[in-house]
*Asks:* 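What follows is a single structure, and I will ask about it in a moment.
The basis for the numbers below is simple: all heavy atoms, side chains too, and nothing from hydrogens, waters or symmetry mates. Counting convention: from 1, in listed order, for ligands and their atoms alike.
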Amino acid sequence: MQLIPLPAFSDNYIWLLHDAQHALVVDPGAAQPVLDALQQRGLQLDAILVTHHHPDHTGGVAALREATQAKVFGPARELMPEPLTRLKDGDSVPSLGLNFKVIDVPGHTAGHIAYYCAEVNEVPLLFCGDTLFSAGCGRLFEGSPAQMLASLDALAALPEATRVCCAHEYTLSNLAFAAAVEPNNQAIVEYSAKARSLRLKQLPTLPSTLLLERQVNPFLRTREASVIAAVRGFDATAIDEVGIFAALRQWKDQS
Ligand code: ZN
Ligand code: FE
């Protein structure tokens, strides 16, 4: 099984997973990069998995369905290009001989879902759209801080070896903020150097792993003393778990 991030727009990735014959894609904001990749590799597109309704994740769905007859899967509670199979927490999507479990992760949008497969080439795999980014998380456009914190907690509870496939290349800017929050976190320093050298070669920093994200991602570290202290320096009124998370997100939005 091959996993490939197809770059789209300025910083999106459309994830392509294939077995040399059949393929699925996640969040095709544009059709052409996918059609090119399918043609180059002689692949048939079986399934299109969508995490949320934003145009940079759905813009290519209609044209791809038309060109390939692929089946479309997406969130139950969002406005989506029809027809599609609507999914909610606990549902599963069989594709490429694999089974993807649906996890509700509201926050970035109200009905955002993630797709988790326990074993792809013997490693767990997560497609998390705009919920979890490497060293960051999505903006809260439609959900509350409490919802997003619960969603990130659900993802963080997956096995540490899980490969994290995010929909945007935001790693370097997220790491700059992470370093401002935790200047003494050595894992952030090391990952920043590695991510910089990858980006200089125009290579993706993704997929990440949950093990790494737990070490460097401030939004998965809001119960760490170092993060709590830094957030209180930004907003002294942040008290409980949700308050700390909300203030951290606000700090990032302003930085
Ligand atoms: Zn989005
Ligand atoms: Fe997006």
Side-chain angles (χ1 to χ4, degrees), residues 3-17 24-34 37 48-64 72-81 84 86-89 100 102-116 125-152 154-155 163-177 195 199 204-208 213 217 219-220 245-246 248-250 252-255:
L3 177 68
I4 301 164
L6 304 173
F9 312 117
S10 59
D11 51 35
N12 282 71
Y13 289 125
I14 302 168
W15 289 92
L16 172 75
L17 185 67
L24 66 79
V25 288
V26 184
D27 286 350
Q32 203 56 52
V34 178
I48 299 169
L49 312 186
V50 179
T51 63
H52 68 294
H53 69 85
H54 285 157
D56 63 312
H57 301 249
T58 59
V61 170
L64 282 176
V72 183
F73 300 86
R77 297 180 291 126
E78 300 209 337
L79 195 63
M80 296 283 304
L84 82 158
R86 292 185 171 275
L87 304 166
K88 57 181 188 324
D89 199 74
F100 290 86
V102 175
I103 307 171
D104 276 345
V105 286
H108 177 67
T109 63
H112 199 302
I113 59 174
Y115 298 87
Y116 173 74
L125 185 63
L126 174 69
F127 296 117
C128 50
D130 288 358
T131 297
L132 175 62
F133 294 127
S134 189
C137 76
R139 284 174 189 264
L140 303 182
F141 287 123
E142 298 173 9
S144 67
Q147 281 180 316
M148 189 58 142
L149 180 59
S151 295
L152 292 174
L155 298 183
R163 282 185 290 179
V164 180
C165 303
C166 323
H168 290 272
E169 179 63 66
Y170 290 157
T171 309
L172 282 183
S173 57
N174 286 341
L175 280 169
F177 177 71
R199 295 309 294 150
T205 59
L206 302 170
S208 178
E213 293 310 313
N217 191 321
F219 295 94
L220 300 187
F245 182 84
L248 180 66
R249 187 58 256 182
Q250 212 175 11
K252 173 72 163 66
D253 289 344
Q254 289 172 20
S255 68

*Asks:* Any side-chain heavy atom of V72 within less than 4.5 Å of one from P81?
*Replies:* no
*Asks:* With a cut-off of 2.8 Å, does any N, O or S atom of D56 fall short of it relative to the Fe ion (ligand 2)?
*Replies:* yes
*Asks:* Does the shortest distance from the Zn ion (ligand 1) to an N/O/S atom of H108 fall below 2.8 Å?
*Replies:* yes
*Asks:* Can you check whether H112 reaches P75 side chain to side chain, under 4.5 Å on heavy atoms?
*Replies:* no
*Asks:* Return the name of the atom in D130, of element N, O or S, nearest to the Fe ion (ligand 2).
*Replies:* OD2
*Asks:* Begin with the C-alpha distance, continue with both residues' side-chain angles, and end with the deciding distance and a verdict on side chain to side chain donor-acceptor pair (under 3.5 Å) for H52 and E142.
*Replies:* CA-CA 11 Å; H52 68 294; E142 298 173 9; over 6 Å; no
*Asks:* If you consider just the N/O/S atoms, which atom of D130 is the closest one to the Zn ion (ligand 1)?
*Replies:* OD2
*Asks:* Ring-plane angle category for F177 and F219, please: parallel below 30°, perpendicular beyond 60°, tilted otherwise.
*Replies:* parallel
*Asks:* Would you call the rings of H54 and F141 parallel, tilted or perpendicular, taking 30° and 60° as the class edges?
*Replies:* perpendicular
*Asks:* Which atom name would you report as the N, O or S atom of H168 nearest the Fe ion (ligand 2)?
*Replies:* NE2
*Asks:* Can you tell me if, anywhere in H57, an N/O/S atom lies at a distance from the Fe ion (ligand 2) that is smaller than 2.8 Å?
*Replies:* yes
*Asks:* Starting from the Zn ion (ligand 1), look over the N/O/S atoms of H54 and name the nearest one.
*Replies:* ND1
*Asks:* Students often mix this up, so state it plainly: with edges at 30° and 60°, are the rings of Y170 and H168 parallel, tilted or perpendicular?
*Replies:* parallel
